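These notes concern the structure reproduced below.
Computed from heavy atoms alone, side chains included, the values below leave out hydrogens, waters and symmetry copies. What you see is a predicted model, and the numbers here were worked out from it, not measured in a lab.
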Amino acid sequence: MWWSRWGRLQAYIRGRAEGRDANLAHGTILHFGCELNGRGGVTVGPSSTLHRGVRIHTTWDLVDLHGKPNPEPCGDVVIGQGCDIGPGVSLPPGTVVPDGTKLERGDSIPSTCTTISHVVTPPQKDALREFQPVFAMGTGRSGTRSLAKAFLPREGWTARHEAFPWINALGHAKHMGKMDTASLQSAMLLRWATHYSSETKVFESDQRFYNLIPALDGLFPKGKFLHVIRPLAGFVRSAMPLGLYQIPEPHGHRWSHYRPQSLRHEAKDWKALTQVERLIWYWTFVNQTILDDLKLVDGERQMVIWLGQEGFESKIGDFCGVEHLTIPRTNTSSDKGVVKADLSKEDRKRCEEAQSAFVVHNPTLPAQP
C-alpha cells in the first residue's frame, strides 16, 4: 500500500492501493488481482509489468466552488514505453498506450489513445466548435495558477489549473515528433467532448499547453490564448530550488517524466550544461514555441503579456471579458517554503543576455516590466 502524494511507488504492488497523482516507478510490477485507484491520474513507468487481472481506475482530482470533491471518472492513465500487459487487464477509456506496448497474447496497440479491450471512437471535431475557453500558458512559475484562482469565484466561469495530467504525454509525443495535429485532436476529443458539454465559460491554465496551440485552435476556433511571460532571471531563481532540470531531476511531479529536452544537443552535451543553462534553454524554447504558434491565431483571440507588466490584471480582465479582476498571490515560493536561488554574477549575465536576444528576435512583444 502507499499514501497520497508519494512521487513514486515501491517496485512491487499487491492488493488494493489508492492515492493522488500516482507515478509508478520504472520497472514496476503490478501483481495478479491488484486494484489501483488514482485520484488525479496514474502514470505507469516504462518497462513495467501489469499482470493478468490488474484493474486501474482514475477520477478527476477537482473540487467545486465550495471545496467539495467532484469525483468524475476519467481516462487519465498513461502507459510508459515498453510495458508488458497481461490478459484481462482493465484500464479506463482514453488510456494513453504507446505503440509497441507488449500484450501477453502477442498483439500490439496501434493507436496512442485506445483501451486494451477496444478502440474508442472520438466524437466529431464539431462537438467543441462553439465553446470559447481561455487557455493560459507559459513556462510554469509564471502566475497561471493564481490566474485560475482569480476566475474560480466568477459567476458562470469554470476555472482549472493543470487539471489534465494526460496532457503531459500528448505534448511530449508531439515534441518527439510522434504525434501530428490530427492525432492530438483525436486524443483530446476522447476526454474533452463530454467534459465540456455542460460548461460555457472556461479558464484553463497549464504550462503543458505550450506546444498544443495548433490542435487546441482546431478544436476551439473561438477559443482564446493567453501567454504569460515571466522575466527570465525571476523564473530561474524560482525554478532552481524546486529541482527543475537537475540531472537527475526529482520525480515528485508527473511533468518530471515528460519535461522537454533539447533535440539539438547530444545526450552528453545536454548533461554537461549547468542547471541554469538548461533552464535558460527551456524558458527560451517554450516561450518561442508559443509565440511562433500564436502567429496562426487571430489577433483578437490572443494576448501576450509579461508577468508584472503595468495593468496586468486589467488587461487580462479586458481580454477575457471580466471586470475588476483581482489576482491573488498563490503558489509563491514562500507558500511552498522554498527559498529562491541566489544567482551568481555570471548566471545573472547569462539570463540578461538570453532575455535580450529573445526580445530582439520578437520585436512585437509588449514592453518589459
Side-chain angles (χ1 to χ4, degrees), residues 134-144 147 171-172 174-177 180-181 184 205-218 223-240 244-245 255 258-266 269-312 315-316 319 341 343-369:
V134 177
F135 295 101
M137 64 199 73
T139 57
R141 313 307 302 157
S142 59
T144 52
L147 283 170
H172 179 73
K174 181 183 179 182
H175 176 63
M176 300 302 295
D180 58 17
T181 297
L184 289 168
S205 67
D206 198 322
Q207 60 183 294
R208 268 77 66 169
F209 291 143
Y210 84 93
N211 68 343
L212 300 176
I213 291 174
L216 294 170
D217 188 44
K224 293 186 174 182
F225 298 88
L226 174 62
H227 178 196
V228 181
I229 306 176
R230 182 174 186 174
L232 177 52
F235 164 75
V236 171
R237 291 187 62 215
S238 179
M240 281 187 70
L244 276 64
Y245 283 95
W255 184 222
Y258 296 103
R259 209 179 300 284
Q261 294 186 9
S262 174
L263 301 179
R264 296 183 179 182
H265 286 82
E266 296 289 341
D269 297 328
W270 175 254
K271 291 182 178 180
L273 297 177
T274 67
Q275 183 187 12
V276 170
E277 289 171 330
R278 287 189 290 269
L279 286 169
I280 290 174
W281 173 87
Y282 169 76
W283 183 94
T284 304
F285 172 74
V286 166
N287 285 315
Q288 192 62 57
T289 299
I290 295 172
L291 291 176
D292 288 344
D293 286 346
L294 285 179
K295 294 175 182 177
L296 305 176
V297 178
D298 300 337
E300 67 274 8
R301 293 194 294 116
Q302 61 169 280
M303 168 179 275
V304 179
I305 191 167
W306 290 90
L307 181 65
Q309 182 178 324
E310 184 178 356
F312 183 75
K315 289 178 179 178
I316 292 177
F319 175 68
L343 300 182
S344 67
K345 183 178 179 179
E346 293 76 12
D347 285 336
R348 287 197 302 270
K349 184 178 180 182
R350 288 190 181 97
C351 291
E352 291 170 0
E353 291 176 346
Q355 182 167 312
S356 295
F358 175 78
V359 170
V360 169
H361 185 70
N362 299 280
T364 60
L365 284 173
Q368 302 173 67

How long is the span from the CG atom in D206 to the CE atom in M137, to the nearest 0.5 Å? 9.0 Å
Applying side-chain contact (heavy atoms from CB on, under 4.5 Å), can you list everything that pairs with T289, at least two apart in sequence or on another chain? Y210, N211, F285, D293
Check: H175 and L263 side chains under 4.5 Å, non-hydrogen atoms: yes
Please check: side-chain N/O of R230 versus main-chain N/O of G143, any donor-acceptor pairing under 3.5 Å? no
With sequence neighbours left out, what residues match K295 under salt bridge (Lys or Arg N to Asp or Glu O under 4.0 Å)? D292
Check ring pair (Phe, Tyr, Trp, His ring centres under 6.0 Å) between F358 and all other residues, then give those that pass, not counting sequence neighbours. W283
Between CG of L232 and OG1 of T284, what distance do you get to the nearest 0.5 Å? 6.0 Å
Taken to the nearest 0.5 Å, the spacing of I213 CD1 from T181 OG1 works out to 11.5 Å
Hey, does W306 have a side-chain heavy atom less than 4.5 Å from the side chain of L365? yes
Quick one: which residue pairs count as a salt bridge (Lys or Arg N to Asp or Glu O under 4.0 Å) with a foot in residues 299-308, not counting sequence neighbours? D217-R301, D298-R301
For K349, side-chain contact (heavy atoms from CB on, under 4.5 Å) partners two or more places apart: E353
Nearest 0.5 angstrom please: L244 CG to Y282 OH, how far? 7.5 Å
Looking at F319, is its backbone amide N or carbonyl O close enough to the side chain of K224 to form a donor-acceptor pair, meaning the two atoms are under 3.5 Å apart? yes
Residue pairs meeting side-chain hydrogen bond (donor to acceptor under 3.5 Å, both in side chains), one or both in residues 360-369, sequence neighbours left out, come to Q288-N362, Q355-Q368
Please name all residues satisfying side-chain hydrogen bond (donor to acceptor under 3.5 Å, both in side chains) with Q261, sequence neighbours left out, ordered by chain then number. W270
Could you tell me if the side chain of F235 sits less than 4.5 Å from the side chain of L307, heavy atoms only? no
Atom pair CG (N287) and NE2 (H227), whose distance is rounded to the nearest 0.5 Å: 4.0 Å
Just jot down the salt bridge (Lys or Arg N to Asp or Glu O under 4.0 Å) partners of R350, sequence neighbours excluded, or say none. E277, D347
Which residues satisfy the side-chain hydrogen bond (donor to acceptor under 3.5 Å, both in side chains) test with S356, sequence neighbours excluded? none
Between R237 and A341 the two heavy atoms that sit nearest each other are NE-O, 2.8 Å
Backbone of L343 reached by a side-chain donor or acceptor of R348 within 3.5 Å: yes
Going from CZ on R278 to CH2 on W281, what distance comes out if it is rounded to the nearest 0.5 angstrom? 11.5 Å
Considering residues at least two apart in sequence or located in another chain, which fulfil the side-chain hydrogen bond (donor to acceptor under 3.5 Å, both in side chains) criterion with S142? none
Under a 4.5 Å cut-off applied to non-hydrogen side-chain atoms, are C351 and V236 in contact? yes
Are the side chains of P366 and K315 in contact, using a 4.5 Å heavy-atom criterion? no
Note: T139 and Q207 closest approach over all heavy atoms is O-OE1, 3.0 Å
For G308 versus P369, what's the shortest heavy-atom pair and its separation? O-CB, 3.6 Å
